Amino acid sequence: MAKKSRSPAKANGEAEGGRARKTPPPATPQVPFAEDMSFADDMPFADDMPFAATPSVAAPGERPSALLAPIVRRAGREVSGEDVLALARRHIGEAYKLGARAPMANAGWKGPWDCAEFVSWCVFQSSGILFGTQPRNDPVRADAFTGFWAQQARAAGCTVRVAEAAVIPGAVLLRFPQPGAVGHIVFCDGSGGTVEAHSSKTGVIAHTISARRWDTGVLVPGIRYFRAGEPVRVTAPSGVLRLTEPMTKSDMVEKIQRRLVKLGFAPGTADGIYGPQTADAVKHFQAERGLVVDGEVGPDTLAELGLS
């Protein structure tokens with residue numbers, strides 16, 4: 001995602017990792033299937049994000065769907081999710097930079113990437129479809145952002161359950177951006193893994209869906225998707241701390257706050273409340289350490305803080 005005046009985290013352009021990871025699963029041998037996991041509901045502010053909505057192309061009273069969109073054809077064949085995924089895999093190992101701008105029309109681009117630019121570029125280069133960008137009709141000026149992905153997926157009616165996306169090669173998983181932070185977005189490989197522009201620390205990598213928080217899956221209208229067939233066992237994220245309404249209060253939040261102060265960051269009073277100032281301090285810490293700058297404390301951030 002490139003810098004946007006409407007997104008403070010992007011506007012700061014901090015070198016970072018992210019728009020991608022987690023804690024060890026419980027000691028019990030039972031691992032829940034993704035279908036049974038309590039993935040987060042849509043965040044209350046997502047509908048109010050200050051980005052221009054994309055109008056639906058469905059007939060009045062009819063819900064648009066990725067499954068009903070005409071499939072794009074190239075070289076005499078339909079473009080599939082596997083095509084998009086194959087292109088993404090060819091870029092594993094390339095560099096990540098928070099706010100990097102990928103020229104959508106440049107087929108030879110090899111980074112640096114940020115997560116939304118990477119996903120939108122791969123989709124456009126594979127299919128000619130601009131998605132998750134503003135504007136939607138100009139690949140030269142198109143700028144990708146997880147907030148645009150959230151809006152446009154809703155407008156197009158092409159969101160699917162996380163568990164469904166996990167078994168579809170080339171499907172997208174999205175974590176909505178919280179206020180003042182970036183989200184994260186990845187491709188699914190159909191067998192529980194991902195391909196993603198993860199962070200400045202790791203670059204473009206193959207990773208895992210498990211033990212990470214996601215808001216929704218997305219199937220881009222115009223691309224043919226196929227289920228991989230076998231169910232995918234996905235472990236639920238454990239103890240991810242983030243800005244919520246009402247706000248979270250716990251002893252662990254206080255430990256995080258005290259650790260941030262010791263490391264030179266400013267989370268406000270160490271009162272155990274995960275509020276906006278604590279989330280902001282977490283974002284600055286994540287940026288400095290090359291993590292995903294999402295303002296959420298999951299296993300990766302907790303480990304980097306030395307509290308796992």
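Because the structure is predicted, anything quoted here is derived from the model rather than measured. These numbers come from the heavy atoms of this one structure, side chains and all, not from hydrogens, waters or symmetry mates.
With hydrogens and angles left out, the side-chain atoms of Asp271 and Gln257 include a donor and acceptor closer than 3.5 Å. Checking Gln178 against Glu296 by side-chain atom types alone, a donor-acceptor pair falls below 3.5 Å. For the residue pair Ser120 / Trp149, a side-chain donor-acceptor distance below 3.5 Å is found, with atom types taken as modelled.
By the criterion of side-chain heavy atoms lying less than 4.5 angstrom apart, applied directly or through intervening Ile, Leu, Val, Met, Phe, Trp or Tyr residues, Leu302 is not grouped with Val261; the two fall into different hydrophobic clusters. Cluster membership for Leu219 and Phe226, using ILVMFWY side-chain heavy atoms within less than 4.5 angstrom, is not shared. Hydrophobic clustering (ILVMFWY, side-chain heavy atoms < 4.5 Å, transitive): Leu263 and Tyr274 are in one cluster.
Judged by distance alone, the side chain of Asp189 and the main-chain N or O of Pro169 form no donor-acceptor pair under 3.5 Å. Judged by distance alone, with hydrogens and angles left aside, the side-chain atoms of Thr194 form no donor-acceptor pair with the main-chain N or O of Cys188 at under 3.5 Å. Under a 3.5 Å cut-off, the side chain of Gln134 and the backbone N or O of Phe148 do not form any donor-acceptor pair. When atom types are taken as modelled, the side chain of Arg213 and the backbone of Arg175 share no donor-acceptor pair closer than 3.5 angstrom. In this structure, the side chain of Thr216 does not engage the main chain of Thr159 through any donor-acceptor pair within 3.5 Å.
No side-chain heavy atom of Val297 sits under 4.5 Å from any side-chain heavy atom of Met252. Counting heavy atoms from C-beta on, the side chains of Phe265 and Val282 never come closer than 4.5 Å. Trp113 is listed as a side-chain neighbour of Glu94, based on a closest heavy-atom distance under 4.5 Å. Here the side chains of Ile92 and Val195 are in contact, with some heavy-atom distance below 4.5 Å. Side-chain contact between Val172 and Val186 is absent, with no heavy-atom pair separated by less than 4.5 Å. Residues Tyr96 and Thr202 are not in side-chain contact: their nearest non-hydrogen atoms beyond the backbone lie 4.5 Å or more apart. Between Ile223 and Val123 the shortest side-chain heavy-atom distance falls below 4.5 Å. Using a 4.5 Å heavy-atom threshold, the side chains of Met104 and Arg141 count as separate.
Closest approach of Ala165 to Gly217, counting heavy atoms only: CB-CA, 3.9 Å. Closest heavy-atom contact between Val72 and Ser127: CG1-O, 3.3 Å. The minimum heavy-atom distance between Gln125 and Ala107, with the atom names listed, is OE1-CB, 3.2 Å. The two residues Val240 and Gly298 have their closest heavy-atom pair at CG2-CA, 4.3 Å. Residue Phe187 comes nearest to Ala88 through the heavy atom pair CD1-CB, 3.7 Å, listed as atom of the first residue, atom of the second, then distance. Gly275 approaches Met247 most closely through the heavy-atom pair CA-SD, 3.4 Å.
The salt bridge (Lys or Arg N to Asp or Glu O under 4.0 Å) test with Asp83 is passed by exactly one of Arg77, Arg224, Arg89: Arg77.
For Arg227, the salt bridge (charged side-chain N to carboxylate O under 4.0 Å, His left out) partners two or more places apart in sequence, or in a different chain, are Glu164.
With values rounded to the nearest 0.5 angstrom, Arg259 atom CZ is found 7.0 Å from Leu305 atom CG. Separation of atoms CG (Asn106) and CZ (Phe124) is listed at 11.0 Å; rounding is to 0.5 Å. From Gln152, atom CD reaches atom SG of Cys158 across 9.0 Å, with rounding to the nearest 0.5 Å. Atom OG1 of Thr146 sits about 6.5 Å away from atom CG of Leu174, to the nearest 0.5 Å. One distance of note links CG of Asp251 with CD1 of Ile256; it measures 11.0 Å at 0.5 Å rounding. Note that the CG atom of Leu130 and the OG1 atom of Thr133 stand 4.5 Å from one another [nearest 0.5 Å].
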Test side-chain contact (heavy atoms from CB on, under 4.5 Å) applied to Thr248 and Leu241, step by step: CA-CA 8 Å; Thr248 300; Leu241 291 165; 3.9 Å; yes
Trace of the salt bridge (charged side-chain N to carboxylate O under 4.0 Å, His left out) decision for Lys201 with Glu304: CA-CA 12 Å; Lys201 194 172 186 177; Glu304 198 71 26; 2.9 Å; yes
Verdict with supporting geometry, Trp121 and His91, ring pair (Phe, Tyr, Trp, His ring centres under 6.0 Å): CA-CA 11 Å; Trp121 184 91; His91 292 270; 5.0 Å; yes
Ile185 and Leu173: CA distance, side-chain angles, deciding distance, side-chain contact (heavy atoms from CB on, under 4.5 Å) verdict: CA-CA 6 Å; Ile185 188 168; Leu173 283 181; over 6 Å; no
